[in-house]
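Read the structure below first, then the notes.
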4 protein chains.
Amino acid sequence: MMKNNKQEIIVDAALEVFRDKGYANTRMADIARRAGVSYGLVYHYFASKEVLFDVIVEGWWGRLYQMLKDEKVSDTGCREKLEHIIRFFLDMYAEKPNLVSIFITEVSRSSVYHTAKGLAKFRSFFSLTEEIMVEGQKKGFLRSDIGPHYLTYIFLGAIEAFISVMVLGKEEVTRERRDRTINGVTEVFLSGAMAE
Amino acid sequence: MMKNNKQEIIVDAALEVFRDKGYANTRMADIARRAGVSYGLVYHYFASKEVLFDVIVEGWWGRLYQMLKDEKVSDTGCREKLEHIIRFFLDMYAEKPNLVSIFITEVSRSSVYHTAKGLAKFRSFFSLTEEIMVEGQKKGFLRSDIGPHYLTYIFLGAIEAFISVMVLGKEEVTRERRDRTINGVTEVFLSGAMAE
Amino acid sequence: MMKNNKQEIIVDAALEVFRDKGYANTRMADIARRAGVSYGLVYHYFASKEVLFDVIVEGWWGRLYQMLKDEKVSDTGCREKLEHIIRFFLDMYAEKPNLVSIFITEVSRSSVYHTAKGLAKFRSFFSLTEEIMVEGQKKGFLRSDIGPHYLTYIFLGAIEAFISVMVLGKEEVTRERRDRTINGVTEVFLSGAMAE
Amino acid sequence: MMKNNKQEIIVDAALEVFRDKGYANTRMADIARRAGVSYGLVYHYFASKEVLFDVIVEGWWGRLYQMLKDEKVSDTGCREKLEHIIRFFLDMYAEKPNLVSIFITEVSRSSVYHTAKGLAKFRSFFSLTEEIMVEGQKKGFLRSDIGPHYLTYIFLGAIEAFISVMVLGKEEVTRERRDRTINGVTEVFLSGAMAE
DNA sequence: CATGAATGAGGGTTCATTCAT
DNA sequence: CATGAATGAACCCTCATTCAT
């Protein structure tokens, strides 16, 4: 993917610093220092702080879309698809916590400021998820008296809440916790929180 | 609450600018200009940009806690309490969209970086909500095979997703839409998304 | 003209530094230091290095145009008008050597400065002078077998050469030298360099 | 002259870029790109940006001096010598417009370049021309009531004005235009602008 | 010869904050 | 109370130059 070794090192360093300090408080010098390269080299590979950030964010969106598209065309049941989506976020968090943190704190919340560009990404994300919900309704698995928009928002909101809590608390996810979370979210989302 | 007229004007201006540009991209000069005052005056009332931001954020937390405490001691049923919480966010958004925007886009984020201070606020918010969930479980209204943490995250995540979508899209909430949303979220949260 | 005292001080300092080092090698810090003000104050009054430079250059063009317009409508003879033009440059050099230096070294050539904006200024300068030449031809004072363009270029070129030599050599102009120069240039331009 | 092919290519590229952007705004990378070579190679042949520029400028001065020396020793009349000087500039502009442009915009002014080194070059240029004027005076061809300095400045100033106008307007010189210019300048310089 | 990755000092600009009036 | 002039530390980015391959 990355042709160059140093590029990767810089991106990884950026991932850490952006996560620790947030985009606005990240200094290019910090990234260079953390990457163990000279100041100028960061600019040799990335035209600006914004470009470097965008490279990271694009990487995220790319993985997310890929997963959603895979789920859409997969012939598994609706419940499994929803479980896979939750699993994606949790596995991603386990594998690349910095990337997920940045998504939560810098992208999903502040996409207001990255007008147009970022907002469009978000709409795609929601649309792809909504298509899965619509399919679930058509198949009679999901209730149809509630608009698919609602189902989408509630489902994704629930995931984001879990991820956010982990991000804010800088928590770790064990495999066990992951499975419990997948189960809990799916269960409540599908069967409801009410007793009986 | 505010003793002084100019203070209020400045806070309102700050609310607008923070919402439009985000904390990091807000200039004290922007706030002064939008308030129509000199920028020495902003400093006359507020010691720093951070203090001004905190005043706004404190106002938000105050209202939120008050509402949650009121709900906790109220003797209405669990379903009503949950509905009230959703309504609070939607009404708040209708009344002070900038305040809610800032909460969504800036507060949760700053919690990550300004640890301690902001994180504690967040935990209180979750705790208060969780207490309502625990009460619902004790009363046998909510299922007990799922930890109250889970119920809380899912419920609040769903609300946040709705609010976020409105914030990001700068949408308006009509009374009708509000009621539909309250109903939709409550219904799915309590009864689940599955058909039948 | 300048409402503000500090502004003037900064412009004067800029005049000196631009003259000494040229636009490209001038540091905003140098200007601030030479003006005896803080770094930020320069930016308080002038949005950028370029703006500060333009303010200076505009001042020059303004004076130059004014003089040329005055000469055009004056009812003195052609010889006197030409003498006045030469005198303007020499007096200006005596009064504001830095301004004239900057004009010669940074404005009058500088392929950089000449992008539309500056080029138009130059054309006006030449046009106004040419009108005086045309008038001289009409009145039968100047020969008409040579196009007014040629007369203009030769006349202005001669002046510029004198000024340039003074600028490059950082020479001073005494009143006597000024008068000798006015006379020499006028004499050669009008009567020619040939003996008899 | 140039031993190496690549060297020439680089110099030609530099000529173009220096002309287009001016010395200060020229990047070594621009030159390398325009030459179609890597930018390590530029340093392989030329120790620094300044050296590369000097090579170009030296080439100019060399040709100019050679021409002036040739004229000095030639046994043609003064009028012919002056015509040859004008022709040199115009032919040079036709043949190597970039070189002449650079001379006009970057060398002949530029307080920066003129630190001793450049100033001396200039004085030589003026001296050589002045010698021709002195000779013309001695022979009784040129008037002697005007100092040779004056004649030199006026003559060279006139040429420079013509060249400058072409450079700034990026105009072309046809053979016809060249001859008209030579004639016009010589005529006015020698016989004066006055009618009769 | 030739390449381009790597370096790092330096410059323009921003902006929160202070303070004299 | 109110103003806005004044300060200067900090930061992003540029680019001439070096050097390993």
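When reading the values below, keep in mind they use all heavy atoms of this one structure, side chains included, and skip hydrogens, waters and symmetry mates. Below, chain A is the first sequence line, B the second, and so on; all start at residue 1. What you see is a predicted model; the values in this text were computed from it and never measured.
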Exercise. Quick one: closest heavy-atom pair of B:N98 and B:R19, and the distance?
Key: OD1-NH1, 3.0 Å

Exercise. Spell out, as yes or no, whether a donor-acceptor pair under 3.5 Å connects the side chain of C:D30 to the backbone of C:R27.
Key: yes

Quiz item: Taking DNA chain F as the partner, which of residues 32-43 of chain C come within under 4.0 angstrom of it by heavy atom?
Solution: C:V37, C:S38, C:Y39, C:G40, C:L41

Exercise. Heavy atoms only: give me the nearest D:S108-D:I104 pair and the separation to one decimal.
Key: OG-O, 3.2 Å

Exercise. Could you check how far CG of D:N25 sits from P of E:dG11, rounded to whole Å?
Key: 16 Å

Quiz prompt | Distance, rounded to the nearest Å, where D:F46 contributes CZ and E:dA2 contributes P | solution = 12 Å

Self-check item: Rounded interatomic separation in angstrom, taking CD from C:E50 and P from E:dT13
Solution: 9 Å

Practice problem: Return no unless some side-chain N or O of A:K49 is found under 4.0 Å from OP1 or OP2 of F:dC13. | Solution: no

Quiz item: Taking only N and O in the side chain of C:H44, is any of them less than 4.0 Å away from OP1 or OP2 of F:dA5?
Solution: yes

Quiz item: When Watson-Crick pairs (N1 to N3 and N6-O4 or O6-N4) and G-U wobble pairs (N1-O2 and O6-N3) count only below 3.5 Å on both distances, what is the dot-bracket string of DNA chain F, with | for other-strand pairs?
Solution: .||||||||||||||||||||

Practice problem: Give the rounded distance in Å between these two atoms: CE of B:M28 and P of F:dG4. | Solution: 16 Å

Quiz item: Under 4.0 Å: is that the gap between some side-chain N or O of D:K6 and OP1 or OP2 of E:dA2?
Solution: yes

Quiz item: Passes salt bridge (Lys or Arg N to Asp or Glu O under 4.0 Å), A:K49 versus A:D54? Steps please.
Solution: CA-CA 9 Å; A:K49 185 176 163 183; A:D54 284 349; over 6 Å; no

Practice problem: Check the surroundings of atom CZ in B:R123: do more than 12 heavy atoms from other residues, nucleotides or ligands lie under 6.0 Å from it? | Solution: no

Quiz item: Could you state the CZ-C1' distance from C:F53 to E:dG12, rounded to the nearest angstrom?
Solution: 16 Å

Self-check item: Residues B:K121 and B:E58 bridged, charged N to O under 4.0 Å
Solution: yes

Quiz item: Under the criterion ring-ring contact (aromatic ring centres under 6.0 Å, His included), which of C:F18, C:F103, C:F53 is the partner of C:W60?
Solution: C:F103

Quiz item: Does D:R27 have a side-chain nitrogen or oxygen under 4.0 Å from the phosphate oxygens OP1 or OP2 of F:dA16?
Solution: yes

Quiz item: Is any side-chain heavy atom of B:T105 less than 4.5 Å from a side-chain heavy atom of B:Y23?
Solution: no

Quiz item: F:dT21 and E:dC1: how far apart are their C1' atoms, nearest whole angstrom?
Solution: 13 Å

Side-chain donor-acceptor pairs under 3.5 Å in residues 37-44 of chain A, sequence neighbours left out?
residue: A:S38; atom: OG; partner: A:L41; partner atom: N; Å: 3.4

Quiz item: In whole Å, what is the span from the OH atom of D:Y45 to the P atom of F:dA16?
Solution: 21 Å

Exercise. Grab the NZ-C1' distance between A:K21 and F:dC12 for me, whole Å please.
Key: 15 Å

